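Notes for the one structure printed next.
Every value quoted in this text rests on a predicted model; they were computed, and no experiment measured them. A note on names: the letters A, B, ... follow the listed sequences, proteins ahead of strands, and every chain is numbered from 1.
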Amino acid sequence: MGKFKRNFYCGDLRPEHEGKEVCLTGWVQTRRDLGGLIFVDLRDRSGIVQVVFNPDQKEAFETADKIRSEYVIAVKGKVCMRPKENVNSKISTGYIEVIGKELEILSIAKTPPFAIEDNVKVDESVRLKYRYLDLRRPKMQHNMIFRSKVNKAIRDFLDENGFIEIETPILTKSTPEGARDYLVPSRLNPGEFYALPQSPQLFKQILMVAGMERYYQIARCFRDEDLRADRQPEFTQLDMEMSFVDVEDVIAINEKLIKYVVEKVTGRQVEIPFPRMTYKEAMEKYGSDKPDTRFGMEMVDISDLVENVDFKVFSQAVKGGGCVKGLTIKKGGEIFSRRQIDELGEKASEFGAKGLAWINITSEGIKSPIAKFFDEATLKQIIDKLQGETGDLLVFVADTNSELVMTSLGSLRLYLGKTLNLIDKNKLNFLWVTEFPLLEYSEEEKRFVAKHHPFTSPMDEDIPLLDENPAQVRSKAYDIILNGTELGGGSIRIHDAALQEKMFKVLGFSEERARRNFGFLLQAFEYGTPPHGGIAYGLDRMIMLLLGLDSIRDCIAFPKTQNASCLMTEAPSEVDIKQLNELHIQVKK
RNA sequence: GGCCCAGUAGUUCAGUUGGUUAGAACGCCAGCCUGUCACGUUGGAGGUCGUGGGUUCAAGUCCCAUCUGGGUCGCCA
């Protein structure tokens with residue numbers, strides 16, 4: 001440290017500090033050299049204040065002549081009111097300025113590749129390479145501070161509610177099912193590997209067996225899958241687990257948690273309880289298991305109306321076990337030209353639909369390539385069911401595969417919501433989606449796989465279906481959705497060893513394989529297991545949404561690129577042959 | 001693995017049907033300037049046009065391959 005000790009932050013200075021001798025430290029934002037007078041905007045974490053140097057203080061003035069952008073300096077000076085005509089109302093310290101008396105350069109700086117200011121137009125790869133400069137920008141500092149506050153609020157609430165923060169291993173056991181593991185070779189055990197955790201799932205359940213009752217952790221998780229704007233290979237979960245609870249208990253405490261955290265960090269009011277929707281309802285109305293309820297335009301099923309019409313695309317879809325669903329685009333007929341309606345059809349194809357039928361309700365009557373297939377009464381029934389009015393455009397997807405109808409039309413709904421600006425960005429729409437299917441059939445593996453994970457409990461009344469119709473079994477799983485994004489999900493777990501073994505059997509695990517992969521859990525369950533359940537949130541994603549960011553990378557200090565590399569450290573990189581030898585690893589070239 | 005977009009000065013971009021010495025803005029450097037805060041003003045420096053190959057008398061521009069960054073589908077229990 002230099003000669004002076006900081007006693008004030010730049011951004012904190014106000015008229016009330018007039019006359020105070022202060023010592024400031026920070027980075028030079030800009031220097032404005034007027035010849036006989038030098039202005040320096042000094043920046044620290046708190047903000048910016050203007051420091052003036054004039055030739056009366058010869059030594060300081062001469063030093064001020066030398067400083068440049070991003071030099072690190074210490075300034076001793078006096079807080080003065082600015083003359084009225086020189087007030088800068090754009091900055092919070094604009095009524096005052098500091099008359100510099102002494103100046104010390106603590107560190108010189110190369111010219112940065114981009115200006116340290118918000119809204120700077122610079123490619124993200126440049127920002128990532130010089131992340132330490134990017135993080136100096138006020139917006140990024142705000143994001144990091146916000147994130148820290150979220151963490152603190154979470155810890156405060158959970159601590160207050162009897163949760164214990166427990167760390168679980170990073171070097172752990174590879175498990176099949178789910179995402180690809182990151183592997184770590186073992187030096188002491190040739191040919192064997194640890195895996196980095198995809199989540200602390202098994203450990204938190206074991207902690208329940210261990211009698212911890214209420215656990216949480218802000219845990220780093222790793223998944224070796226392709227990246228997205230909201231997906232990083234290493235990410236942070238808020239992980240929770242509770243004993244002696246059912247679905248309602250988990251939901252209740254989590255609503256309180258979210259209310260507490262969001263109100264604490266954003267000041268915005270959150271109404272609880274949150275709305276709920278079953279998986280079935282979500283799929284049928286929104287074509288998604290994470291519906292964005294910030295706008296309407298719900299899907300309407302017209303299968304019953306068109307089962308026997310002449311239009312074979314519709315009737316055969318229904319008869320073949322599928323369905324026909326439609327959306328009402330309010331004033332869509334006025335918004336979209338014929339050509340744009342065709343483009344909408346192309347969009348629908350991209351989303352997997354075989355085609356897009358449409359009915360345009362114009363003031364001159366119905367315009368539609370399919371209307372001729374319906375008698376007057378049926379047409380009226382369809383329009384009535386979709387609450388179509390003059391000017392509206394009704395669009396339909398039909399298929400023998402109901403799920404395809406729902407997901408493609410659901411994607412089209414989202415696309416329309418975005419392009420037609422139907423989404424109110426100021427809303428915070430929390431939503432629970434419940435009663436997820438326990439299993440789904442994997443065409444790739446020719447067997448049932450767990451929709452959530454293999455430890456999720458079936459709903460009690462559906463347990464008998466496990467044998468006869470596994471696809472019908474609903475689970476005690478729930479997702480928490482915010483504005484159409486999955487914030488987190490969890491479930492009540494199976495705590496009965498026999499049921500767990502049955503579950504493995506349905507999943508096609510041999511007893512041997514179940515033992516090999518999860519033996520420790522099954523064994524633990526034999527020693528007195530409380531009913532338990534929990535949830536895990538994608539914390540980065542939650543922070544991204546609360547900050548209104550487009551990318552998760554903007555709330556992670558050192559994120560990775562789409563190639564899962566770090567442009568600053570240049571990881572991953574090749575390693576010394578000596579290291580490989582110690583790890584008993586040979587690289588295939 | 002598929003599809004789409006981008007890559008030209010430190011940064012953000014322009015660059016015509018292929019044709020002279022590749023431009024602009026901001027930034028940077030130097031001079032002048034005592035009330036600036038997007039300081040002003042005068043002058044100056046700065047380019048393997050992502051990389052490799054090809055077509056051509058001639059390539060930033062056309063073709064092929066490849067690398068990098070971003071978006072997206074698959075994938076993400």
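Across all strands shown, B/U20 forms no Watson-Crick or G-U wobble pair with both distances under 3.5 Å. For B/G46, there is no paired base (Watson-Crick or G-U wobble, both distances below 3.5 Å). Base pairing annotation: B/U68 forms a Watson-Crick or G-U wobble pair with B/A6, both donor-acceptor distances under 3.5 Å. Under the Watson-Crick or G-U wobble criterion, with both distances below 3.5 Å, B/C62 is paired with B/G54.
The side chain of A/Val126 lies closest to B/U12 when the candidates are B/C75, B/A30, B/U12. Among B/U12, B/C37, B/G1, the nucleotide with an atom closest to any side-chain atom of A/Asn88 is B/C37. Set against B/G70, B/U36, B/U34, the side chain of A/Pro55 has B/U34 as its closest nucleotide.
A salt bridge does not link A/Glu343 with A/Lys347: every distance from a Lys NZ or Arg NE/NH1/NH2 to an Asp or Glu carboxylate oxygen is 4.0 Å or more. The residues A/Arg43 and A/Glu70 are annotated as salt-bridged, a charged nitrogen and a carboxylate oxygen being separated by less than 4.0 angstrom. Checked for salt-bridge contact, A/Glu570 and A/Lys129 miss the test: no charged N lies under 4.0 Å from a carboxylate O. Using a cutoff of 4.0 Å between basic side-chain nitrogens and carboxylate oxygens, A/Asp462 and A/Arg474 are scored as salt-bridged. By the 4.0 Å N-to-carboxylate-O rule, A/Glu62 lies close enough to A/Lys58 to be salt-bridged with it.
Counting heavy atoms from C-beta on, the side chains of A/His453 and A/Ser491 come closer than 4.5 Å. When side chains are defined from C-beta on, A/Val75 counts as touching A/Phe53, because their heavy atoms get closer than 4.5 Å. Using a 4.5 Å cut-off on side-chain heavy atoms (C-beta onward), A/Leu128 and A/Met568 make no contact. Looking at A/Phe455 and A/Leu521, their side chains come closer than 4.5 Å, going by heavy atoms from C-beta outward. Side-chain contact between A/Phe520 and A/Leu202: present, with at least one pair of heavy atoms (C-beta onward) separated by less than 4.5 Å.
Between the side chain of A/Glu97 and the base of B/G35, a donor-acceptor pair under 3.5 Å is found. For A/Arg82 against B/C37, a side-chain N or O and a base N or O form a donor-acceptor pair under 3.5 Å.
Taking atom P on both B/C13 and B/U17, the two are 22 Å apart, rounded to the nearest angstrom. Distance noted for atom C1' between B/G27 and B/G10: 7 Å (whole Å). Atom name P, nucleotides B/U20 and B/G60: the rounded distance is 10 Å, in whole Å. Spacing between B/G69 and B/U8 at atom P, rounded to whole Å, works out to 15 Å. Taking atom P on both nucleotides, B/C63 is separated from B/U55 by 15 Å, rounded to a whole Å. To the nearest whole angstrom, the two C1' atoms, one in B/A25 and one in B/U34, are 29 Å apart. Going from the C1' atom of B/C26 to that of B/A65 covers 36 Å, rounded to whole Å. The separation of B/A30 from B/G7, taken at their C1' atoms, amounts to 33 Å, rounded to a whole angstrom.
Taken residue by residue, residues 227-234 of chain A places heavy atoms nearer than 4.0 Å to RNA chain B at A/Arg228, A/Ala229, A/Arg231. Within residues 562-573 of chain A, the residues that place at least one heavy atom under 4.0 Å from RNA chain B are, in residue-number order, A/Gln562, A/Asn563, A/Ser565, A/Leu567.
Contacts of A/Val122 with the nucleic acid, taken as non-hydrogen atoms under 4.0 Å apart, involve only primed sugar atoms and P, OP1 or OP2. A/Arg553 comes within 4.0 angstrom of the backbone, heavy atoms only, and of no base. Among the atoms of the strands shown, base atoms are found under 4.0 Å from some heavy atom of A/Ser199. No contact: A/Asn54 has no heavy atom under 4.0 Å from any strand. Residue A/Pro113 is classed as a sugar-phosphate contact, given heavy-atom separations below 4.0 Å to backbone atoms only.
Both geometric conditions, a ring-centre gap below 5.5 Å and a plane tilt below 30°, are not fulfilled together for A/Phe114 over the base of B/U11.
Between A/Asp123 atom CG and B/C5 atom P there is a gap of 17 Å when expressed in whole angstrom units. If you take CG of A/Asn119 and C1' of B/U11, they are 15 Å apart, rounded to a whole angstrom. Rounding to whole angstrom units, CG of residue A/Asp118 and P of B/A38 are separated by 15 Å. The separation between A/Arg127 atom CZ and B/G70 atom C1' is 12 Å, rounded to whole Å. The CG-P distance, from A/Asp550 to B/U72, rounds to 10 Å in whole Å. For the pair A/Glu350 CD and B/G2 P, the computed distance is 18 Å after rounding to whole Å. For the pair A/Arg180 CZ and B/G74 P, the interatomic distance rounds to 15 Å; values are reported in whole Å.
Residues A/Asn563 and A/Thr561 have side chains that never bring a donor and an acceptor to within less than 3.5 angstrom of each other. At a cut-off of 3.5 Å, with distance as the only test, no side-chain donor of A/Asn483 or A/Lys425 sits close to an acceptor on the other residue.
The side chain of A/Lys110 places no N or O atom within less than 4.0 Å of a non-bridging phosphate oxygen (OP1 or OP2) of B/C28. The shortest distance between the side-chain N/O atoms of A/Arg32 and the OP1/OP2 oxygens of B/U41 is not below 4.0 Å. Distances shown here put every side-chain N or O of A/Ser125 at or beyond 4.0 Å from the OP1 or OP2 atom of B/U68.
With the nearest nucleotide of RNA chain B identified for both A/Pro454 and A/Leu37, A/Leu37 has the one nearer the 5' end. In terms of position on RNA chain B, the residue among A/Val52 and A/Ala450 whose nearest nucleotide sits closer to the 5' end is A/Val52.
Side-chain atoms of A/Gln232 come within 3.5 Å of backbone atoms of A/Lys560 as a donor-acceptor pair (strictly under, hydrogens ignored).
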